[in-house]
Amino acid sequence: MAILKGLEERYRQGKKSIAVLVDPDKVEDPSQLDPLIRLANENCVDFFFVGGSLVTTTNMGDVIRHIKENVSIPVVIFPGSTLQIDPAADAILFLSLISGRNPDYLIGQHVVAAPILKNSRLEIMPTGYALINSGKTTSAAYVSNTTPIPEDKYSLAACTALAGEMLGLRLIYLDAGSGAERAISAKMITTVRKTINVPLIIGGGINTSEKAITALEAGADMIVIGNALEKDPNLLTEISDKVYDWNQSVKSER
Ligand code: 1GP
């Protein structure tokens with residue numbers, strides 16, 4: 001439980017983390033990730049997340065092994081389905097799609113995955129995963145056949161997250177969806193943050209350092225960035241500088 005415990009400790013200390021999301025479908029050859037891996041290493045990125053709503057290639061294992069061979073940043077699977085379990089990673093977000101009412105994504109996939117995970121060395125990170133509407137239908141909503149929480153239903157999102165915490169889920173992840181036009185609003189993040197007592201992960205459409213700061217100031221404990229780095233990897237330096245400053249200020253306040 002080293003990764004989860006570490007995250008919980010950072011949450012208690014008020015420190016923030018960054019995860020870089022790699023979608024294996026967008027990787028033709030793992031070596032094309034080398035500049036991003038170098039940048040992530042230089043900028044003290046906390047995690048690599050690997051996965052996608054629909055992975056159509058068979059290179060997920062190669063992608064994970066390539067990252068692991070080149071850097072010591074933990075690799076966490078962010079699975080779209082049980083097909084995306086790979087023992088080469090360090091941990092897996094064991095996602096319950098609590099914004100939806102599709103039993104397959106609340107317990108069905110988990111039953112299939114459980115024995116495979118039990119026989120692996122992957123650390124299990126039980127996570128309440130909530131999709132938040134961001135305008136257009138996202139792949140995650142379509143593939144999971146679920147309706148995201150409306151972006152202005154703050155209390156609905158908060159109660160969903162709270163129920164997830166009460167069910168024993170250790171992390172809550174609010175996701176506007178990959179490449180979302182609108183990232184999750186500060187008001188939504190603040191409302192959920194005030195309601196729960198577990199680390200809060202925010203992702204989807206964070207494509208400027210301003211949006212990253214907005215999410216962090218509103219109460220995100222971890223931000224996940226994927227798409228934006230494919231277009232501009234240097235954004236990572238800008239955002240991680242802000243996270244570093246934030247974490248330093250927390251340190252000096254104590
Ligand atoms: C999507 O939260 C992740 O599931 C990251 O989204 O690719 O838009 O950064 P982006």
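Start at 1 and go down the list; that is how both ligands and their atoms are numbered. Just so you know, these numbers come straight off a predicted model, no measurement behind them.
- For the pair I225 and ligand 1, the shortest N or O to N or O distance does not fall below 3.5 Å.
- For the 3.5 Å distance criterion, the side chains of D25 and T56 qualify, holding a donor opposite an acceptor.
- Residue contact check: G203 has heavy atoms under 4.0 Å from atoms 2 (O) of ligand 1.
- Close approach of ligand 1 to F78 (heavy-atom distance below 4.0 Å) involves ligand atoms 4 (O).
- A salt bridge is absent between K15 and D221: the closest approach of a Lys/Arg side-chain nitrogen to an acidic carboxylate oxygen does not fall below 4.0 angstrom.
- Counting only distance, with no hydrogens or angles, the side chain of E123 and the backbone of L4 share a donor-acceptor pair below 3.5 Å.
- Annotation: G204 places an N or O atom under 3.5 Å from an N or O atom of ligand 1; distance criterion only.
- Among protein heavy atoms, the minimum distance from atom 1 (C) of ligand 1 is reached at D175 OD2, 3.4 Å.
- Q13 and E9 share a donor-acceptor pair across their side chains, judged by distance under 3.5 Å alone.
- A salt bridge is defined here as a Lys NZ or Arg NE, NH1 or NH2 lying under 4.0 Å from an Asp or Glu carboxylate O, and D90 with R121 fails to meet this definition.
- Residues S17 and R10 have side chains that bring a donor and an acceptor to within less than 3.5 angstrom of each other.
- No side-chain donor from either of N102 and T146 sits under 3.5 Å from a side-chain acceptor of the other.
- Taking atom 2 (O) of ligand 1 as the reference point, the nearest protein heavy-atom neighbour is Y173 OH, 2.9 Å.
- Every N/O-N/O distance between L21 and ligand 1 stays at or above 3.5 Å.
- Considering only non-hydrogen protein atoms, atom 8 (O) of ligand 1 sits nearest to G179 N, 2.6 Å.
- Residue G226 places at least one N or O, backbone or side chain, under 3.5 Å from an N or O of ligand 1.
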